[in-house]
Number of protein chains: 2
Amino acid sequence: MNCPVRRYNVCEPLGPDRQRELYEHQQTWKRGQYLYREGYPVGPILKIITGIVSVSKTLPDGRRQILDFFFAGELCGYLETEGRYTFEGQAITDVTTCAFTRSRFKAFTAAHDDLTEIVRATLAWKLEGISRHAVVLGQLSAKERVATFLCWFGARSGERGGTPSVRLPMARGDIADYLGLTIETVSRTLSKLRMLGIIEVSDTTITVLDAARLASLASPLDEH
Amino acid sequence: MNCPVRRYNVCEPLGPDRQRELYEHQQTWKRGQYLYREGYPVGPILKIITGIVSVSKTLPDGRRQILDFFFAGELCGYLETEGRYTFEGQAITDVTTCAFTRSRFKAFTAAHDDLTEIVRATLAWKLEGISRHAVVLGQLSAKERVATFLCWFGARSGERGGTPSVRLPMARGDIADYLGLTIETVSRTLSKLRMLGIIEVSDTTITVLDAARLASLASPLDEH
DNA sequence: CGGTTAGTTGAGTGCATTCAATCCCAGTGG
DNA sequence: CCACTGGGATTGAATGCACTCAACTAACCG
């Protein structure tokens with residue numbers, strides 16, 4: 001459940017002195033704004049201070065697949081292809097970031113062995129995460145997808161407390177695009193789970209009444 | 001189209017001397033055999049000499065999602081979680097491999113700066129690939145998925161020749177599990193493309209008659 | 001020649017979608 | 001204070017795409 005890599009979320013373990021050495025000016029982003037877009041020449045790597053960023057791909061006809069949510073402490077805008085962003089980063093909530101010059105980041109990690117290992121471990125961890133997500137997208141039914149999402153997100157928030165109530169900071173549309181469903185299907189599925197007495201829905205807050213049953217619906221995937 | 005990382009497919013650039021230093025005994029696998037299974041204690045990292053290996057996850061009820069196909073020259077069995085394989089590797093064709101002791105691989109990469117960079121670049125490249133695949137699974141219709149697959153696979157084979165005919169070494173079931181569809185849907189979709197005059201189907205060989213039209217069906221995703 | 005396995009095709013079903021209406025709430029201005 | 005507005009969420013009705021179940025064909029091998 002608690003991936004070991006989480007411990008060294010790139011930068012956290014640096015300590016304030018080494019962090020200062022790397023950080024550039026701080027920035028704020030309004031919910032919905034793009035931090036960077038696919039195909040644009042790469043800018044700095046962004047470290048999220050507060051808020052949530054989605055990494056996604058938008059097709060020419062408007063369809064969008066959210067690949068991952070990035071939380072405070074994580075880096076985004078890392079992946080590039082020939083000097084251009086591979087995907088797009090969008091503020092799901094209001095977000096504040098600070099920037100790393102890409103070249104400086106590269107030089108800095110090259111100079112510190114522990115950092116190169118942290119980068120490697122983080123990439124491997126992300127690779128595992130997106131792979132699990134691909135299984136969700138390719139194989140699970142709507143109910144299973146939503147249940148999996150709630151379990152995953154509940155586990156995330158549950159880290160600090162034992163409360164079974166989950167705040168969903170993102171809009172239904174974001175959940176839908178993450179799960180490869182439509183807004184309506186997500187909404188309907190939440191209603192079904194509510195009518196089954198498994199959860200309680202209150203706009204942005206979901207209260208898990210029957211964690212065991214929820215987990216069994218998401219069962220196909222052990223844990224995240 | 002040609003990811004720069006391809007150039008340094010881990011190990012190829014090592015040169016015969018350094019390769020010998022790393023390799024263990026060779027192994028052969030029959031089509032369908034598992035090279036390793038999810039949750040099993042990790043063994044060596046396997047380098048594919050010939051054949052194709054699928055990396056997949058199988059759910060308790062038998063549903064299977066193939067996450068990636070690995071070809072000759074690539075390493076598989078790399079990802080682990082707490083000393084256990086994260087996914088499963090299966091021989092899609094007959095396969096021969098040679099093995100790397102995991103600890104030796106680790107020590108060896110740690111000792112060579114260029115190798116650590118190759119590992120990092122390969123992980124980033126795989127991350128990008130599976131992300132694109134997630135978009136396919138989450139957003140595309142059956143026709144778009146199959147077209148995307150054919151384009152992707154055609155580009156792979158096309159590297160050596162200009163021939164528009166694609167040999168599909170994997171069974172329909174493998175394609176289906178890769179694309180998150182059923183065998184029947186894959187078969188039907190190929191038939192539709194055939195009746196549209198876009199391809200010609202002959203069991204394992206697909207001849208692309210109208211590459212432009214095929215690409216436009218897969219259009220949503222530029223290239224792979 | 002039967003037996004087996006992979007692939008194709010047909011018929012019918014169901015789940016998620018599309019289209020559309022309604023609700024809820026926060027923000028705004030009369 | 002209340003009506004109006006707009007965005008997000010929910011719910012309903014109807015459609016359609018991919019699925020399930022099933023039959024059939026082709027190829028391969030004993």
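Every chain is numbered from 1 and lettered A, B, ... according to where its sequence line falls, protein lines coming before strand lines.
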In whole Å, what is the span from the [atom1] atom of [X] to the [atom2] atom of [N]?
X	N	atom1	atom2	value
A/M170	D/dG8	CE	P	15 Å
B/L193	C/dT9	CG	P	12 Å
B/I206	C/dG7	CD1	C1'	12 Å
B/I175	C/dT8	CD1	P	9 Å
A/Q139	C/dC15	CD	C1'	16 Å
B/L168	C/dT8	CG	P	10 Å
B/R172	C/dT8	CZ	P	4 Å
B/I183	D/dA22	CD1	C1'	14 Å

Practice item. Return yes if some donor-acceptor pair links the side-chain N/O of B/Q33 with the main-chain N/O of B/K30 below 3.5 Å, else return no. Key: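 Yes.
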Practice item. Side chain of B/L181 only, please: which of C/dT9, D/dT10, D/dC19 is the nearest? Key: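 Of C/dT9, D/dT10, D/dC19, D/dC19 is nearest to the side chain of B/L181.
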Does [X] come within less than 4.0 Å of [Y], counting only side-chain N to carboxylate O?
X	Y	answer
A/R64	A/D177	yes
B/K57	B/E38	yes
B/R188	B/E184	no
A/R194	A/E200	no

Between the protein and nucleotides 25-30 of chain D, list every N/O to N/O distance that falls short of 3.5 Å.
none

Practice item. Could you pull out the closest heavy-atom pair between A/D174 and A/I66, with the gap in Å? Key: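 Looking at all heavy atoms of both residues, the shortest contact is O-CD1, 3.5 Å.
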Practice item. Classify the side-chain pair B/T205/B/S165 by whether it contains a donor and acceptor separated by less than 3.5 Å. Key: no
**Study point:** Donor-acceptor pair between B/T182 and B/T185 side chains, under 3.5 angstrom
**Key:**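 Yes, because at least one side-chain N or O of B/T182 sits under 3.5 Å from a partner of the opposite role on B/T185.
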Which is true for [X] with a 4.0 Å heavy-atom rule: it touches a base, it touches only sugar-phosphate, or it touches nothing?
X	value
A/V186	nothing
A/G32	nothing
B/R145	nothing

Output yes when at least one side-chain N/O atom of [X] is less than 4.0 Å from OP1 or OP2 of [N], else no.
X	N	result
A/S191	D/dT11	yes
B/S187	C/dT9	no
B/R194	C/dT9	yes

Revision key, fill the gap. Which of A/F70, A/Y85, A/Y78 passes side-chain contact (heavy atoms from CB on, under 4.5 Å) with A/V55? Answer is A/F70
Mind listing the N/O atom pairs, protein and nucleotides 18-21 of chain C, below 3.5 Å?
| from | atom 1 | to | atom 2 | distance (Å) |
| --- | --- | --- | --- | --- |
| C/dT18 | O4 | A/R188 | NH2 | 2.9 |
| C/dC19 | N4 | A/E184 | OE2 | 3.2 |

Practice item. Would you verify whether the NZ or CZ of B/R102 falls within 45 degrees of the ring axis of B/F105 while also being under 6.0 Å from that six-membered ring's centre? Key: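 B/R102 over B/F105 ring: no.
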